[in-house]
Visitor: 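Have a look at the structure that comes next, please.
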Amino acid sequence: MNTESNETRAKKFGMVIDLDKCTGCGSCMVACSAENNIPVRKDESDKLLSITWIRVYRITNGKDFPDTEICYFPRPCQHCGGKHDDGHSPCVSVCPATATDYDHSTGIVSQIYTRCFGCRYCMAACPYHARYFNWWDPVWPAKLEESLSPDVSPRMRGVVEKCSFCFHRYQLARDKAYQEERDVEEMEYQTACTQACPSGAITFGDLNNPDHAVYTLKKDKRAFRLLERLHTNPKVYYLSEREWVRRAGDNYLSNEEPTGAPGAYELKGKGGH
Amino acid sequence: MKINRRHFLALGMGATAGTLLSPLPWKLTDDASIWTQNWAWTPVPETGEYLYTGGACTLCPGGCNLAVRKVGERVVKIEGQADSPVNTGDLCGVGLSAAQLLYGPSRIEGPMAREGKRGEGKWKRLTWEEAEAQLAKKLNSLSDGKGVAALSAFRSGSVSALIQRLLDTLGSDRFLTLPSLHDSLEQAMALTMGRAPGEGVGFDTENTDLILSLGSSVAEGWGSPVRMVKAAGAKKMIQVEPYLSTTASMADMWVPAKPGTEGVFALSVAAAMVQEKLYDHIFVSTATEGFPAFSAWLLENYTPKKAEAVTGVPPAMVKKVAVAFAGARRPVALCGRGKGETPVSLAEALAVFALNALKGSVQRDGGLVKVGALPYAVAVAESEAMGEKLATLTEKGKTELLLDWGTNPFYTLATSKKAAEALASIGTIVSFSPYMDETAAMADLILPDHTHLEKMQDVPVRAGLERSTVTLTQAAIAPVMDTKHTGEVLISVGAQLDGGRDAFSWDDYESYLEESCGEMWESLSENGLWQGDIAWKKGLERILGTSQRFTFVIPEGPVALPAEGSASSHPLTLVPSWSLRISSGAVADAPFTMKTIEDRVLTEGVSHVELHPSTARKAGLAQGDTATLATPFGSAKVRVTLFEGVMPGVVALAAGLGHTAFDGFIGGKGTSYTALSGTMVDSATGFNCTWGARASLAKG
Ligand code: SF4
Ligand code: SF4
Ligand code: SF4
C-alpha cells in the first residue's frame, strides 16, 4: 500500500486505559455505539445478545465490608498481535473466510462483514469476549435510522462484529494527510471512546511512535495487559496502582507469582487507591 | 451411515488439505456469506455535508454544551463542546444518546387530546390551533385560578417566566419546580450569609484540594455531572455513605455512616474540630458571628462519641476526617445525597455550611461560594413556601389543573401509591413533553415541545457551579415531529386568556427570548453560553480576601430525619444507588444508554437489589433469588444480587428505572426507587427530604 509513502515505518495502534481514573460512567460505550451504528434491542439486559464493542465490566477485590473496593474495566477488542506479535491473533487464525484479518501496517484486527458467514469460530477463539453475533437483522424503530452514520456500514443478520479502533476515523485522517503529503498526527486519529471519556482514562495512539503518549504509558510501572500468559499480545494496556486490580488481569493462583512474560508487571505496588 | 459431529469434523479435516489449492472453498464461503446475509432490507445511511452545530443539553440540570454532528439534514451523533467551561468537551452517556431520543419511538407525533379513559393511550390528533384554543378555553372556564398549578423544568429562564405570567393572569401563585438540594442550600445561605433573590450556592471544586462529600454521588451525577466526574478523578475525596458507590471506591477514605445520618456525621466532625482546636481561628474570630453558642451546642450534642450512637462511625474515624479536613489547604464539604435531586433537611444544610465555615472555606477559592442572580430582564419571582405547595400537589382534591413542562411528576413526584393516586385525581392534566413520559401518558391534553436539539432556548444552570451560568440550546435540525416551542404556545395561549392580551404582547418567542435574556443575550447568542462574574472575587471583597460575614446558626429542626414505619415489620433500610448510566430525572434512558446498564442491576425487565451476603442469609435469600421488596409506601418484585460493599441491614436499589411509559426499550423495565421512597417532611422547609425507607425483603 503506498498510502504510507511518506511514512514507511509500520504503525501499531493501541490503547492505554487508566483504571484508577475510570469511573465506570459508560460514556465510552454510548459514544462507541453512536459512532459505529451499533444495533439496539428491546432487552439490552441480556448480555449474551446485547452488542457493545466496548464493554465496561465491574470487578471487586472480594473483601468484606467495609474493606471492599471496586474497579471498572473497559474492554474493547484488544487487537491481539498473537504470539511473537506477528499477526496470528486468536480470532484471525481460526477464521475460515478471511473475514477478520490482521493489518500489518496498523496492527488493527479488521472485521469484513460481507465476507463473514457467521460460523462464529472467532467468537469461540477470542479469550476476551470481544466479539458479538447478529442473530437478527437490526431493527431501528421509529425514525432511528435517521441517526445512522454513513461512515460505518450497518451490519446484517448472520455476521460477527467487534471494535475496529474506529478504523473509519483513521481512513479519513489518513486520506487527508496523504493529500497534504504528511503523516497522520497523533490527535488526528483518536477513537470515539477515547474522545468521549470525561475522566481522560483512555489514551490512544501509535505504540511504535516515541512521540505518542501511549509509547511511554505502556512502559509505566502500573501497566499490564489482560491474560498476558496466553501470548495474545494485546494492544490494549491497563494501568493501576492497585495490586489486586493488576492481579485480576490474569488467572493467577493465589500462591503464584505473576509470570515474567513480556509486559507482565512486577509485584511492587502497595495496593490501595 | 449416520453422520455425527465427529464424522463431520473428520470429513472437514480430510477435505481441507485437498481443496485449499482449488478456488472452490473460496467460492463456497463467498456463497455462504451471501446466503447467510439475506437482508430483509439494507439501511444505507445517506451521506451529505458534514458539519457540527452547537447547543446545550437539558436532560439533567448539568447544563452541558453540545457539539451536534450532522450529516446533511440528519443528526448522527452528539458530542461535548470542547471549549465549554461547563463540560470541556465531554458528556455523560444520557446526553450522548440524545439523537436516539430525538428520533426514537417515545416521541409524541403532535398535539393531541385524550380519548377514552385517562392513561388508556387513546388519543385524538389536533391541529396546533385547535390545541391552543382548547387550552385557552379550559383555562378561561375555571372558576378560580388558584386551582391551577404549573411545574417547570427550570426555576428561572424565559419559558419559566412565561409560565409564571400565565399563572399570574389566572390568579394562581403555584409556580413550582422539582425540589432539589439547592432549595435547602439557598435557605441555609439566607440564614448564615444572607441572600438576595435569585442568588445561588456554588462549590468551587476546581480549586479545592479535598472534597468531603456527605453522601453526594460526586462520580455518578451530583451537580453538573461531567464537571464533577472530572473532579472525582482528580481530587482527594472522603465519601460518607452506607453503600460502596463508585465515589466511595474512588475516595481516599470511605466512611460508611448509617443511612440518613450524614448530617449528624458532619456535625460530629465539626465538634471534633472544635474539641481539638483544629478550626480556622482567624476566620472564625474575624469573620463570623454566633460561634460561642454554636460550639457549645456542638460539644453538648454532637461530640464524636455521642454521634456514634446515631451514625455508627467510631470516634477515631471522625477525628481522622476532622484532621484531614482541617489539614487540607482548601477543602470543601458538600452535601445532597445521590445526584442532589432530593433536598436535605435545613438542619443538615446548616451543618454543612458550618463545617465549611470552621475551616474558612466560604467565599474563597475552592470553597462554598455565593453565586450571583441571573440578570434576566423578564425574571421569575421566587415562589414562597415551595415545599408546602409541592406537597399540596400530591394531596387529593387540591388541584384542578396541572401544567407540566419537563418535570414528569407522575414519575419524579410519585413517591408512594397514595401520591400517585392523588396526582391521577387532578381534574385536568396538560403536558408539554416531547416524549411520551408517565405524565404525558396520563394527560388530557398534550402540546409537545421541541426537544433540546430542535429549538433555541436559554438553559439557566442551577447545579452548584462556582459562577452563574446560562447555556443556549440551538435548533440543529428542523423539528422531526409536529411539535411547537412551548414558549411560542404560552405566548399564544396567554394572549387568548381573559385579560391576557397585554401580558403576552410579544410577536413570537424568539423576539421575546432576546428581550427576556437582557444583557446576557449578546454572549448567549454568540457563544451559546453566558457566565457572570465570580461573585466572591469582586471589589472590596477581593481585597479583604474574605467577603462576607458568616453566622453560625443552631438549627431548630432535626438533622437526621427518621424513617416511617416499624422495625418489626420492616427490618431493613432501603437506599437508592446512583449511576451516570441511568437517568433518574424526568426523561428516561435512550436505547444506547440501556446497553450500558449492568446485568447485576437489571435483567429480564426486573430490577436487582444489592445486599450484603449476611443480610441475605438472615432473610433466607441467595444470589439470583426473586424476592418481594416492600416499604410502607409500596412493593415490587426484585432479584437479589449479593455485594459485600453494602452495609449489613441495608438494601440498595438503582434509581431511575421502573418507567411505565416512554417506549419498549425502557418502559416496563425494573422498579422505580422513587415510588417506594415515600416522604420525610422537613418541618423547617416543608420539603420532602426522603433519603430511603424502612423495608422488608421476602423470598418469592
Ligand atoms: S480481542 Fe478477541 S477479537 Fe480482538 S483481536 Fe483479540 S482475539 Fe481477536
Ligand atoms: S468513558 Fe472513561 S470513565 Fe467512563 S466508563 Fe469509559 S473509560 Fe471509564
Ligand atoms: S451531564 Fe446532564 S447536561 Fe450533561 S450531557 Fe449528561 S444529561 Fe446532559
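Numbered from 1 within each chain, the chains take letters A, B, ... in sequence-line order. Just so we're clear, the structure is a prediction, and the values are computed from it rather than from any experiment.
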Visitor: Is it the backbone or the side chain of Thr88(B) that comes under 4.5 Å from a heavy atom of chain A, or both, or neither?
Guide: neither
Visitor: Of all the heavy-atom pairs spanning Val229(B) and Ser199(A), show the shortest one and how long it is.
Guide: CG1-OG, 3.5 Å
Visitor: If you compare all heavy atoms of Pro591(B) against all heavy atoms of Glu44(A), which two are closest, and at what distance to 0.1 Å?
Guide: O-CG, 4.3 Å
Visitor: Closest approach of Pro242(B) and Phe65(A), non-hydrogen atoms and distance?
Guide: O-CE1, 4.1 Å
Visitor: Mind ranking Ile666(B), Val480(B), Thr593(B) by heavy-atom pairs under 4.5 Å with chain A and telling me who comes out on top?
Guide: Val480(B)
Visitor: Any idea which of Val94(B), Leu580(B), Leu96(B) has the most non-hydrogen atom pairs under 4.5 angstrom with chain A?
Guide: Leu96(B)
Visitor: Look at Ile70(A), Ile51(A), Val152(A), Asp67(A) and state which one has the largest set of heavy-atom pairs under 4.5 Å with chain B.
Guide: Ile70(A)
Visitor: Between Phe643(B), Trp254(B), Tyr103(B), who has the most heavy-atom pairs with chain A when the cutoff is under 4.5 Å?
Guide: Tyr103(B)
Visitor: Please classify the contact between Ile597(B) and chain A as side chain, backbone, both or neither, with a heavy-atom cut-off of under 4.5 Å.
Guide: backbone
Visitor: Tell me which of these, Asp46(A), Thr60(A), Ile38(A), Asn37(A), has more heavy-atom pairs under 4.5 Å with chain B than the rest.
Guide: Ile38(A)
Visitor: May I ask you to decide whether Glu146(A) forms a salt bridge with Arg74(B), counting only side-chain N to carboxylate O separations under 4.0 Å?
Guide: no
Visitor: Less than 4.5 Å apart, side chain to side chain, heavy atoms only: is that true for Tyr50(B) and Pro150(A)?
Guide: yes
Visitor: Looking at NZ of Lys63(A) and CG of Leu244(B), how far apart are the two atoms once the value is rounded to the nearest 0.5 Å?
Guide: 12.5 Å
Visitor: Test side chain to side chain contact (heavy atoms under 4.5 Å, CB included) on Met29(A) and Lys595(B) and set out the steps.
Guide: CA-CA 8 Å; Met29(A) 297 166 82; Lys595(B) 271 187 191 299; 5.5 Å; no
Visitor: At a heavy-atom distance under 4.5 Å, which candidate from Ser147(A), Ala196(A), Cys197(A) has the highest pair count against chain B?
Guide: Ser147(A)
Visitor: Based on non-hydrogen pairs under 4.5 Å, which of Arg107(B), Lys70(B), Met647(B) is most in contact with chain A?
Guide: Met647(B)
Visitor: Run the salt bridge (charged side-chain N to carboxylate O under 4.0 Å, His left out) test against Lys258(B) and tell me which residues pass, sequence neighbours left out.
Guide: none
Visitor: Between Pro141(A), Ser50(A), Ala201(A), which has the largest tally of heavy atom pairs under 4.5 Å with chain B?
Guide: Pro141(A)
Visitor: Please rank Asp43(A), Thr52(A), Asp151(A) by heavy-atom pairs under 4.5 Å with chain B and give me the top one.
Guide: Asp151(A)
Visitor: Quick one: CE on Met250(B) to OH on Tyr72(A), what's the gap to the nearest 0.5 Å?
Guide: 10.0 Å
Visitor: Should the heavy atoms of other residues, nucleotides or ligands under 6.0 Å from NZ of Lys47(A) be counted, would the total exceed 12?
Guide: yes
Visitor: Counting heavy-atom pairs closer than 4.5 Å to chain A, which one of Val601(B), Thr246(B), Val646(B) comes out on top?
Guide: Thr246(B)
Visitor: Which value, rounded to the nearest 0.5 Å, describes the distance between Ser45(A) atom OG and Arg600(B) atom CZ?
Guide: 14.0 Å
Visitor: Would you sort out whether Asp64(A) and His612(B) count as a side chain to side chain contact (heavy atoms under 4.5 Å, CB included), showing the intermediate values?
Guide: CA-CA 9 Å; Asp64(A) 200 4; His612(B) 190 270; 2.5 Å; yes
Visitor: What is the distance from atom CZ of Phe665(B) to atom CG of Leu144(A), rounded to the nearest 0.5 Å?
Guide: 7.0 Å
Visitor: Look up atom NZ in Lys42(A) and atom CE in Met594(B), then write down how far apart they are to the nearest 0.5 Å.
Guide: 12.0 Å
Visitor: Which one wins on heavy-atom pair count under 4.5 Å against chain A: Glu73(B), Lys669(B), Glu220(B)?
Guide: Lys669(B)
Visitor: Could you tell me which portion of Gln100(B) (side chain, backbone, both or neither) has an atom closer than 4.5 angstrom to a non-hydrogen atom of chain A?
Guide: both
Visitor: Side chain, backbone, both or neither: which part of Ser97(B) has an atom under 4.5 Å from a heavy atom of chain A?
Guide: both
Visitor: Is it the backbone or the side chain of Arg227(B) that comes under 4.5 Å from a heavy atom of chain A, or both, or neither?
Guide: neither
Visitor: Do Pro45(B) and Pro154(A) touch side chain to side chain, with heavy atoms closer than 4.5 Å?
Guide: yes
Visitor: Nearest 0.5 Å, please: how far is CD in Glu598(B) from CZ in Arg55(A)?
Guide: 8.0 Å
Visitor: What heavy-atom pair brings Val30(A) and Gly93(B) nearest, and what distance separates the two atoms?
Guide: CG1-O, 3.6 Å
Visitor: Please flag which part of Val71(B) lies under 4.5 Å from any non-hydrogen atom of chain A: side chain, backbone, both or neither.
Guide: side chain
Visitor: Could you tell me if Arg41(A) sits above the aromatic ring of Phe592(B), with its cationic atom closer than 6.0 Å to the ring centre and no more than 45 degrees from the axis?
Guide: no
Visitor: Please classify the contact between Pro105(B) and chain A as side chain, backbone, both or neither, with a heavy-atom cut-off of under 4.5 Å.
Guide: both
Visitor: Is it the case that atom CD in Glu109(B) sees more than 12 heavy atoms from other parts of the structure closer than 6.0 Å?
Guide: no
Visitor: Which is it for Glu46(B) and Leu148(A) under the side chain to side chain contact (heavy atoms under 4.5 Å, CB included) test, yes or no, and what are the steps along the way?
Guide: CA-CA 8 Å; Glu46(B) 229 177 277; Leu148(A) 296 182; over 6 Å; no
Visitor: Is a salt bridge present between Lys77(B) and Glu35(A), judged by a nitrogen-to-oxygen distance below 4.0 Å?
Guide: yes
Visitor: Tell me, out of Cys22(A), Cys71(A), Cys25(A), who's got the most heavy-atom pairs with chain B below 4.5 Å.
Guide: Cys25(A)
